[in-house]
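Report on the structure given below.
Each ligand, and each atom within it, is numbered from 1 in the order the structure gives.
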Amino acid sequence: MRYDISAFDKMISRAKRIAVFSHLNPDGDAVGSLCACCTYLASRGKDFVPILPNAVPDFLKFLSAGGRPIVVCEEDSQRAKDLAAGADLLICLDVSSPSRTEYLEESIVSSKAAKVLIDHHIQPSREFFDLVYSEPEISSTCELLFWLLMAMPDIGGDVNRLSMSCAEALYTGMMTDTNNFSNSVVPSTFEMAARLIARGVDKIGLQYKVLNSYNMSRLRLLGRLVNDCMHVFPQHGATCMLLSEEDKCRLGFRPGDTEGFVNIPLQVADVRISGIFTEDKEGGYVRVSLRSKRGTDVNTLARRFFNGGGHENAAGGRIYMPLSEVPAYFLSALDQYFG
Ligand code: 5GP
Ligand code: MN
């Protein structure tokens, strides 16, 4: 894979202070790309600050953002905004639009700094950025960042010049965004994995750390959702699971606890589309997460009915209604969508 990296390389060289961002409710690809980018900037001796709208889930906390603490806007809003405003280069990772950074959107849009987007979503908002690397055909932002770093003059295609923490962060984001090599995998994804494993990345160790390190309450939450809170619409090959604030409270829910749940109903032969709807009373909305099998497009469904977007087989958004009304709304969306 070949990228023209010279503009990005020059922007980094010129920058005095760089702010690096990713999206709300950061997943493995968001945290992985943020940490890998910061680690690379540290290796170039740059002054940088990693900023996220809300906290890193526990299972990703082992990743290092170039040795600097991640500034979390929900915890320290003014500081996050001041740091964003004080930067002369902004790098946004895994965000199709600045609005995906939620509270940081205004700081990013109004900043006079140079802005770079590195992303793998369909139809990114290019107009906000001076330089865009967009690759919707690739597995993850981490994969795109891997190939961009490989093309950097100081790395020169030699994976051994990536630090171990950078390599691990890149592998983690790719592994989680592909659901451990089960979707969105293209030949270059295996090539990336092969190079990183040759570099010394401990594939099994990372799997244990990231995919097999949950607590018992998560398993009980899955049982509750599948047994008591799942609606099935056989006419559309669709399911939806509802997670209420009450259940979150009762079962000790922590951010990241439902990671991957939405994929599980797709294990059923006749299910082609699965949704999980999570009540957020404080935000005043229901968070939507959608997955589909090959041939069913949830990106368009999310754009049309759920104020969101994403990829063909993985998309999200939010809706503004009581959780109890969601199954009927979902069914009516499916009726209209499939005609
Ligand atoms: P998840 O279901 O894991 O939260 O998100 C799946 C995909 O949909 C991700 O690629 C994510 O970036 C995208 N996505 C999730 N929520 C939203 C949203 O509110 N708006 C948009 N445009 N995309 C979203
Ligand atoms: Mn991603």
Exercise for review: Quick one: closest heavy-atom pair of A302 and G316, and the distance?
Suggested key: CB-O, 3.7 Å
Exercise for review: Would you check, one step at a time, whether the test salt bridge (charged side-chain N to carboxylate O under 4.0 Å, His left out) holds for R68 with D47?
Suggested key: CA-CA 10 Å; R68 300 213 175 156; D47 186 11; 2.9 Å; yes
Exercise for review: Output yes when a side-chain donor or acceptor of D130 lies under 3.5 Å from a complementary backbone atom of K115, and no otherwise.
Suggested key: yes
**Study point:** Neighbouring residues of ligand 1, heavy-atom cut-off under 4.0 Å
**Key:** R100, H121, R287, S289, R291, G308, G309, G310, H311, A314, A315, G316, G317
**Study point:** Distance-minimising heavy-atom pair for G309 and R303
**Key:** CA-CG, 4.0 Å
**Study point:** Shortest non-hydrogen separation from N313 to T296 and the atoms involved
**Key:** ND2-O, 3.3 Å
Check your understanding: With a cut-off of 2.8 Å, which protein N/O/S atoms are close to the Mn ion (ligand 2), if we only count those under it?
Key -> D29 OD2, D94 OD1, H120 NE2, D177 OD2
Exercise for review: Any pair with a residue in residues 279-317 that passes ring pair (Phe, Tyr, Trp, His ring centres under 6.0 Å), sequence neighbours left out, goes on the list, sorted by first then second residue, please.
Suggested key: H120-H311, H121-H311, F277-F306, F306-Y329
Practice item. Would you please name every residue forming a salt bridge (Lys or Arg N to Asp or Glu O under 4.0 Å) with R195, sequence neighbours left out? Key: E191
Review point. Of all heavy-atom pairs between D154 and R161, which one has the smallest distance, and what is that distance?
Key: O-CD, 3.3 Å
Review point. So, D94 side chain and I118 main chain: donor-acceptor pair closer than 3.5 Å or not?
Key: no
